[in-house]
A.B. asks: 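What follows is a single structure, and I will ask about it in a moment.
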Number of protein chains: 2
Amino acid sequence: MIQMLGVNMSPTIDEVAERSGFSTATVSRALRGLPNVAPSTRDHILRAAEQLNYSIDPHASRLATGRTMTVGILVPLVDQWFYNKVSTIAEAVLSAHGYDVLRYSITGSESRAQLLRQIATSKRLDGLIIVTTPLDRDDERLLSDANLSVVTVETVTAAFPSVACDNLTAAMTATRHLVNLGHERIAIISGLADDPMRFPIPRDRKKGYLRVLQENDIEFRPEFDVPGNFSYEGGAEAMTQLLSVRQSPTAVFAFSDEMAIGALKTIRDLGLRIPQDISVIGFDDHDVSKYVGLTTIHQPVAQYGDIAASILLSVLAGETGDGGFNRELPARLVIRSTTGAAPA
Amino acid sequence: MIQMLGVNMSPTIDEVAERSGFSTATVSRALRGLPNVAPSTRDHILRAAEQLNYSIDPHASRLATGRTMTVGILVPLVDQWFYNKVSTIAEAVLSAHGYDVLRYSITGSESRAQLLRQIATSKRLDGLIIVTTPLDRDDERLLSDANLSVVTVETVTAAFPSVACDNLTAAMTATRHLVNLGHERIAIISGLADDPMRFPIPRDRKKGYLRVLQENDIEFRPEFDVPGNFSYEGGAEAMTQLLSVRQSPTAVFAFSDEMAIGALKTIRDLGLRIPQDISVIGFDDHDVSKYVGLTTIHQPVAQYGDIAASILLSVLAGETGDGGFNRELPARLVIRSTTGAAPA
DNA sequence: TTGTAGGCGTTATCAT
DNA sequence: ATGATAACGCCTACAA
């Protein structure tokens with residue numbers, strides 16, 4: 001066989017073994033910090049590895065151990081701020097602990113079901129963080145059967161630990177804030193126009209909104225609920241629609257800050273003043289919200305990622321004390337300058 | 001040895017071979033679409049694999065082929081919009097082509113040099129996209145020796161293909177826009193306060209700024225250059241500093257939209273009007289900029305990711321026609337409502 | 001404490 | 001067109 005003349009061949013464990021004068025078994029143990037290796041032996045081996053610039057081939061290692069040391073993060077749409085934030089933080093935590101992390105976005109042509117199936121059978125993951133995506137029994141079984149440790153964010157199941165906030169209560173807080181300012185014509189810019197998966201989050205938020213209306217004997221007007229698809233643009237368009245109805249709203253509760261910011265633009269473009277003519281409240285507390293003065297519901301997005309990652313790490317570490325099942329974090333109202341008293 | 005009772009053991013190629021009645025060799029060929037497999041044979045095998053829900057173990061495959069089918073994306077700071085956008089798009093393109101993608105952020109405690117070294121020796125990557133990070137000769141050699149295909153974004157080297165825009169020209173355009181509006185006291189909110197790596201981008205932009213000042217016989221005032229660290233907050237703080245000097249600027253050119261938006265807040269908080277009292281122009285054309293009405297320099301951020309990924313893919317595919325070396329994309333001025341005529 | 005050797009699931013070479 | 005079989009680089013009983 002033709003030798004590649006040693007070009008670029010990175011060293012293997014055998015070379016470290018040879019150079020250090022120990023067997024590959026001992027080298028393997030030494031390098032991974034396992035017990036039952038004499039200190040002096042370990043020193044020698046570490047030095048040899050260092051000199052050779054050796055590093056364990058993760059794929060070979062995986063094959064031998066059965067652990068992939070990689071985890072996935074599944075989000076509906078990476079380029080929404082919320083998902084991006086959660087996944088980025090989780091990614092940081094996990095990779096700091098030696099895991100490779102792969103992000104999966106449902107946007108990819110294939111449907112969520114296909115994607116889940118593919119992920120489950122791909123043999124490349126030890127664990128998976130699922131953000132916001134509702135799971136049915138079949139999904140749960142699929143994942144369990146694949147032997148995947150999973151943690152969910154902003155969606156709760158009986159099967160897996162989760163982190164979330166109480167969207168219903170948070171939405172009530174938001175709506176109440178508007179009611180307290182004297183508003184009665186309160187609209188919402190809700191979720192997806194087309195929502196086959198029936199995301200629970202916008203539904204919960206709408207429930208909270210409705211409940212507060214009811215508490216205050218305000219009748220719900222269907223034309224005051226228009227979807228904004230969780231994007232700037234969608235929010236802007238939703239707002240034009242809301243402003244076109246007679247007796248248009250004096251206040252708007254958008255289910256994400258991006259939509260709220262889109263709405264702000266529409267309002268200003270029409271020459272209306274905020275908050276004198278119309279109030280706007282968002283949801284999330286996007287990084288930029290502080291800078292555009294948006295009143296919003298702050299939810300601990302970074303913590304979602306952080307905590308989800310931590311839970312996953314402990315599950316992967318085999319810690320049975322799953323004292324983190326279904327953790328619920330608090331959301332809170334942050335009043336800035338886009339909400340004010342209802343016009344007389 | 002104790003059998004695990006077959007619990008959750010996903011099928012191997014041997015089982016597919018057995019079930020289909022062919023050898024593993026043929027199964028392997030059939031599954032990967034290689035030639036020299038009878039159509040009927042392939043059908044049988046595909047069907048068998050389907051029924052078993054079989055899928056190739058990527059790690060075993062990697063070990064055998066030497067190709068990892070994973071690429072990395074290295075950015076200085078994932079949570080800046082620019083880096084995030086570039087990496088997200090590139091990630092989408094690459095994973096659509098069957099690659100796993102791993103993101104590396106230099107933020108991680110270890111320095112860039114360590115990170116590069118670690119990436120190079122980790123044996124887990126076929127290729128790497130390096131965003132914005134300057135590379136010296138040693139870095140280049142390190143990467144080449146590791147047999148990594150690399151493509152750079154917004155940084156050019158002699159060694160690797162790249163995508164970028166002409167920052168100097170773009171900065172001239174921005175500055176000229178302000179000059180044309182009659183401004184003479186023009187400040188910049190530049191890059192990092194502490195910049196050991198000497199990022200070339202802010203330097204190029206500053207060069208463009210200086211050149212236009214000079215063209216117009218405007219003297220550069222050092223107190224008109226304050227770093228904003230490419231963050232909202234940094235921009236806001238830089239702005240307070242700029243407004244504290246006597247004869248404060250009537251226009252500000254921020255080297256990123258995030259900093260510009262931070263600056264806007266400071267200005268408004270102080271009761272000054274935009275653009276009547278002070279004009280602000282940014283750089284990037286952040287997703288939100290359209291909605292806050294920020295005048296800015298648009299650069300094709302998504303295309304950076306897209307093109308970088310495509311180039312990398314063709315390099316990995318062994319296409320020698322590297323007709324994509326050092327591609328330069330156009331940036332352009334987008335005038336919105338934060339810039340206007342200089343106050344009388 | 002250390003070493004021997006078989007196995008992890010694929011791929012690729014070389015026959016047939 | 002197929003099939004045996006030796007790698008690929010590491011890990012881990014088991015033995016010493």
Side-chain angles (χ1 to χ4, degrees), chain A residues 1-4 8-46 48-49 52-69 121-124 126 147, chain B residues 1-4 6 8-46 48-49 52-69 98 121-124 126 147:
Chain A
M1 180 193 174
I2 296 174
Q3 259 297 111
M4 289 273 286
N8 287 333
M9 291 298 286
S10 49
T12 70
I13 199 174
D14 297 280
E15 303 179 40
V16 180
E18 189 171 0
R19 192 183 228 284
S20 64
F22 290 92
S23 71
T24 61
T26 303
V27 170
S28 177
R29 284 188 293 252
L31 256 29
R32 287 179 302 147
L34 296 186
N36 292 333
V37 178
S40 68
T41 303
R42 193 186 301 273
D43 275 0
H44 274 135
I45 292 176
L46 287 179
L52 290 173
N53 218 318
Y54 170 80
S55 119
I56 297 176
D57 183 319
H59 302 277
S61 176
R62 181 285 171 192
L63 192 54
T65 61
R67 301 194 62 190
T68 67
M69 289 306 285
T121 57
S122 74
K123 298 173 188 164
R124 85 190 60 201
D126 291 334
N147 228 327
Chain B
M1 180 194 175
I2 297 172
Q3 258 297 112
M4 291 272 287
N8 285 335
M9 290 299 286
S10 48
T12 69
I13 199 173
D14 297 280
E15 303 178 40
V16 180
E18 189 170 0
R19 192 182 227 285
S20 64
F22 291 91
S23 70
T24 61
T26 302
V27 170
S28 179
R29 284 189 293 253
L31 258 27
R32 287 179 301 150
L34 296 186
N36 293 333
V37 177
S40 67
T41 304
R42 193 185 302 273
D43 275 0
H44 275 135
I45 292 176
L46 287 179
L52 290 173
N53 218 319
Y54 169 79
S55 117
I56 298 177
D57 183 317
H59 303 277
S61 178
R62 181 285 171 189
L63 192 55
T65 61
R67 300 195 63 191
T68 67
M69 289 306 286
T121 56
S122 73
K123 299 172 185 163
R124 85 189 59 198
D126 290 335
N147 230 327

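Predicted model only: the values in this text are computed from it and were never measured. Below, chains carry the letters A, B, ... as their sequence lines are ordered, and counting in each starts from 1.
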A.B. asks: B:Asp57 has an atom CG; how far is it from atom P of C:dC8, in whole Å?
C.D. replies: 12 Å
A.B. asks: Would one find a side-chain N or O of B:Thr65 under 4.0 angstrom from OP1 or OP2 of C:dT11?
C.D. replies: no
A.B. asks: Within the pair B:Lys123 and D:dC8, is there a side-chain N or O less than 4.0 Å away from OP1 or OP2?
C.D. replies: no
A.B. asks: Would you say that A:Tyr54 contacts A:Leu31 through its side chain, given a criterion of any heavy-atom pair below 4.5 Å between the two side chains?
C.D. replies: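 In short, these two side chains touch, coming nearer than 4.5 Å.
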A.B. asks: Does C:dT11 have OP1 or OP2 under 4.0 Å away from a side-chain N or O of B:Arg32?
C.D. replies: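 So the side-chain polar atoms of B:Arg32 do come within 4.0 Å of the phosphate oxygens OP1 or OP2 of C:dT11, strictly under.
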A.B. asks: Using a 4.0 Å heavy-atom cut-off, does B:Ala25 contact any base of the nucleic acid, only the sugar-phosphate backbone, or nothing at all?
C.D. replies: base
A.B. asks: Check the side chains of B:Asp14 and B:Thr24 for a donor-acceptor pair under 3.5 angstrom, ignoring hydrogens and angles.
C.D. replies: no
A.B. asks: Whole-Å distance between D:dC8 P and B:Arg124 CZ?
C.D. replies: 21 Å
A.B. asks: Here's a test of your reading of the structure: between B:Phe22 and B:Leu63, which maps to the more 5' nucleotide of DNA chain D?
C.D. replies: B:Phe22
A.B. asks: Would you say A:Ser61 reaches D:dC11's phosphate, i.e. side-chain N/O to OP1/OP2 under 4.0 Å?
C.D. replies: yes
A.B. asks: OP1 or OP2 of D:dG3 versus the side-chain N and O atoms of B:Thr26: is any pair under 4.0 Å?
C.D. replies: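 Answer is yes, contact under 4.0 Å.
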A.B. asks: How many angstroms lie between atom OG1 of B:Thr26 and atom CZ of B:Arg42, to the nearest 0.5 angstrom?
C.D. replies: 10.5 Å
A.B. asks: To the nearest Å, how far apart are A:Ile56 CD1 and D:dT12 C1'?
C.D. replies: 14 Å
A.B. asks: Taking only N and O in the side chain of A:Ser28, is any of them less than 4.0 Å away from OP1 or OP2 of D:dT12?
C.D. replies: no
A.B. asks: Whole angstroms only, please: what is the CG-P distance between B:Asp14 and D:dG3?
C.D. replies: 13 Å
A.B. asks: Hey, does A:Arg29 reach any base, or is it just sugar-phosphate, or nothing, if we go heavy atoms under 4.0 Å?
C.D. replies: base
A.B. asks: Taking for each residue the nucleotide of DNA chain C with the nearest heavy atom, is it B:Ala64 or A:Ala64 whose nucleotide lies nearer the 5' end?
C.D. replies: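 Whichever sits nearer the 5' end wins; that is A:Ala64.
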A.B. asks: Should the pair B:Asp57-A:Arg62 be classified as a salt bridge under the 4.0 Å nitrogen-to-oxygen rule?
C.D. replies: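 Yes.
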A.B. asks: What nucleic acid atoms does A:Asn36 come within less than 4.0 Å of, heavy atoms only: base, sugar-phosphate, or nothing?
C.D. replies: base
A.B. asks: Is it the case that over 12 heavy atoms from other parts of the model lie below 6.0 angstrom from the CD atom of A:Glu18?
C.D. replies: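 No.
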A.B. asks: Would you say B:Thr24 reaches C:dT11's phosphate, i.e. side-chain N/O to OP1/OP2 under 4.0 Å?
C.D. replies: no
A.B. asks: Between C1' on C:dG9 and NE2 on A:His59, what's the gap in Å once rounded to a whole number?
C.D. replies: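 Checked: the NE2 to C1' distance equals 14 Å.
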A.B. asks: Hey, is the side chain of B:Ser23 poking within less than 4.0 Å of OP1 or OP2 on D:dG3, counting only N and O atoms?
C.D. replies: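 Indeed, a polar side-chain atom of B:Ser23 lies that close.
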